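All remarks here apply to the structure that follows.
So that the names make sense, note that chain A is the first sequence line, chain B the second, and so on, each numbered from 1. From a predicted model like this one, the values you see are computed outputs, not experimental measurements.
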Protein chains: 2
Amino acid sequence: MKVLIVFAHPDERSLNGSLLEVAVKQLKDDGHEVKVSDLYKMKWKAVIDEDDFLNHNKGERLQVAAASGGAFFNNKLTEDVVAEQEKLEWADTVIFQFPLWWYSMPSILKGWVERVYSLGLAYGVGEHNETKWGDRYGDGKFKGKRGMLLITVGGSNTHYSARGISGPIEDLLFPINHGILFYPGFDVLPPFTVYSANTMEPKVFEEWSEKLREHLHNIETLEPIKYRRQNGGDYIFPSLELKPEIGDKNDHGFSLHIEK
Amino acid sequence: MKVLIVFAHPDERSLNGSLLEVAVKQLKDDGHEVKVSDLYKMKWKAVIDEDDFLNHNKGERLQVAAASGGAFFNNKLTEDVVAEQEKLEWADTVIFQFPLWWYSMPSILKGWVERVYSLGLAYGVGEHNETKWGDRYGDGKFKGKRGMLLITVGGSNTHYSARGISGPIEDLLFPINHGILFYPGFDVLPPFTVYSANTMEPKVFEEWSEKLREHLHNIETLEPIKYRRQNGGDYIFPSLELKPEIGDKNDHGFSLHIEK
């Protein structure tokens, strides 16, 4: 397989840097091709603005989605964005690797998503009308590719358990897994989460590394999270709410959007 | 009251810009003092890196949390960050206003949080040991202040309802409301969410504006979301999981962390 790792940590000497090394080695040992977009090293521009759309008249009102589509369809995106879109096209599997900062991805990676996910590529794809609301959530341009999160977290695993104070990790990651990966069509693999990241003894690091090697060794066969496809029959149109027969009617929240 | 609005949209001629105007006028009409941090206009540096810590030796390994605390306690933060921290100190109420992009805040605002929320100010506050895990989730330096989200969303409200395909809006906002506002001590007010933001007729805009004026007119008396305080007796130490008597034992997810 062809694997793209989008890496968002400022220092390669960090735990994240060490895990990246473990990941790249394992993937290559298994015969995969690997590319890494090391966003800090690339000095990635994190903020989407009018400079991103080469056909936008400076100073005119910026409607981000419209400008994004206008630049995408007319080949007026900047070189750095085009290069990342080409890597996305190349890859069979995309891994976002980052430390969980304030319960989400670092701004530099969020800005990668905002700039690289053009309208026409990652959203606004397919017909949008009263009976069809685009090719998204399971369909879209990235259908057939696999996406996965590889993250480190400062707190301990119990803080992120089903009843943990920070909220269950799978719910905290839902806006990313479901909203950023599944939305444009990725099959979303179970994330790999390293806890208690701030102070880690070498022995514990070795244990995590071994688990990571095993996880990645199975990357081709790991079962994706069974998110319900928007156009798979589970949702009412145009409200896009789950049909009444799905789940307990008193049930609510993210887990309803996963097939049992 | 003193109200700080942290505004994250690239164009003041946008729907967000118009709503900001409505908000500032209403707050001032009600006698409040208002400051606005317009992040795009300020060309806010969105990415946290070694340049943020003036006492950090360039090229040495960057451990972000440690460096953040080191700079905070030694007055070695950059001027732009110090200015925002002073506004935070000044404010009784902080409003984050932004368009929901990819189910979270724009990178420029995420970067504001990462850079302005220093260790020692927003986290790493209070004793951390086996029986106490800091002053956070309801305690912390921002205790006594109110925080609120004012957001626009492209999709319609049904897409974000209890059984909507994107997930319930209150769950999508939990990582921000609970993880970014409640964590350092803010009382979190109900968010104000404008739906179907991409194409809005003047008449509909007027309806939203009226609702916003009313919401803000009540900003001093609005009841905060009743998140459970970490140190309020509901959690087991040191696992920080909810005590067994709280909620249905089969229940899970973010809503458990709100008092019924």
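Interface summary for chain A: among B:Leu256, B:Leu172, B:Leu39, the most heavy-atom pairs under 4.5 angstrom belong to B:Leu172. Among the candidates B:Leu109, B:Ile48, B:Ile165, B:Leu240, the residue making the largest number of heavy-atom pairs closer than 4.5 Å to chain A is B:Ile165. With respect to chain A, the highest number of heavy-atom pairs below 4.5 Å among B:Ile176, B:Leu15, B:Ile108, B:Asp49 belongs to B:Ile108. Top candidate by heavy-atom pairs under 4.5 Å with chain A, chosen from B:Ile180, B:Asn157, B:Asn198, is B:Ile180. Between chain A and the residues B:Lys45, B:Glu12, B:Met105, B:His9, the most heavy-atom pairs under 4.5 angstrom are made by B:Met105. Across B:Ser14, B:Ala162, B:Ser156, B:Gly17, the residue that shares the most heavy-atom pairs under 4.5 angstrom with chain A is B:Ser14. The greatest number of non-hydrogen atom pairs below 4.5 Å with chain B, out of A:Pro10, A:Pro168, A:Gly111, is found for A:Pro168.
Within the 4.5 angstrom heavy-atom criterion, only side-chain atoms of A:Tyr235, from C-beta onward, approach chain B. Residue B:Trp112: no heavy atom, backbone or side chain, is found under 4.5 Å from chain A. Using a 4.5 Å cut-off between heavy atoms, B:Arg136 touches chain A through its side chain atoms alone. The contact between B:Ala46 and chain A is made by backbone and side chain atoms together, counting heavy-atom distances below 4.5 Å. With a 4.5 Å cut-off on non-hydrogen atoms, B:Lys243 touches chain A through its backbone but not through its side chain. Looking at B:Pro106, both its backbone and its side chain come within 4.5 Å of chain A, counting heavy atoms on both sides. B:Ala66 does not touch chain A: none of its heavy atoms, backbone or side chain, sits under 4.5 Å away. The parts of B:Leu62 that come within reach of chain A are both its backbone and its side chain, each placing non-hydrogen atoms under 4.5 angstrom from that chain. Neither the backbone nor the side chain of B:Tyr227 has a heavy atom closer than 4.5 Å to any heavy atom of chain A. Residue contact with chain A, scored on non-hydrogen atoms closer than 4.5 Å, involves the side chain of B:Tyr137 exclusively.
No hydrogens or angles considered: nothing links the side chains of A:Thr158 and B:Glu241 as a donor-acceptor pair under 3.5 Å. No side-chain donor from either of B:Ser166 and A:Tyr183 sits under 3.5 Å from a side-chain acceptor of the other.
Residues B:Asp11 and A:Glu50 are not in side-chain contact: their nearest non-hydrogen atoms beyond the backbone lie 4.5 Å or more apart. Contact annotation: the side chain of A:Ser104 approaches that of B:Ser104 to within less than 4.5 Å [non-hydrogen atoms, C-beta and beyond]. Residues A:Val47 and B:Trp44 fail the side-chain proximity criterion, which asks for heavy atoms closer than 4.5 Å. Between A:Phe174 and B:Asp171, the closest side-chain pair of non-hydrogen atoms is not below 4.5 Å.
Summarising the local packing, CD of B:Glu245 is surrounded by more than 12 heavy atoms from other residues, nucleotides or ligands at distances under 6.0 Å. Other residues, nucleotides and ligands place more than 12 heavy atoms under 6.0 Å from the NZ atom of B:Lys132. Counting non-hydrogen atoms of neighbouring residues, nucleotides and ligands closer than 6.0 angstrom, the NZ atom of B:Lys226 reaches no more than 12 such neighbours. The number of heavy atoms from other shown groups lying within 6.0 Å of NZ (B:Lys141) is above 12. Crowding of B:Lys43 atom NZ: a count of heavy atoms from other residues, nucleotides or ligands under 6.0 Å not exceeding 12.
Applying the salt bridge (charged side-chain N to carboxylate O under 4.0 Å, His left out) rule to A:Asp234 yields the partners A:Arg228; only residues at least two apart in sequence or on another chain are considered. Residues passing the side chain to side chain donor-acceptor pair (under 3.5 Å) test with B:Glu21, sequence neighbours excluded: none.
Side-chain atoms of A:Arg163 come within 3.5 Å of backbone atoms of B:Ile246 as a donor-acceptor pair (strictly under, hydrogens ignored).
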A:His178/B:Tyr103 under side chain to side chain contact (heavy atoms under 4.5 Å, CB included): CA gap, chis, key distance, verdict:
CA-CA 9 Å; A:His178 186 261; B:Tyr103 304 99; over 6 Å; no
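Separating the NZ atom in A:Lys110 from the NZ atom in B:Lys110 is a distance of 9.5 Å, to the nearest 0.5 Å.
Of all heavy-atom pairs spanning B:His159 and A:Trp133, the tightest one is CE1-NE1, 3.9 Å.
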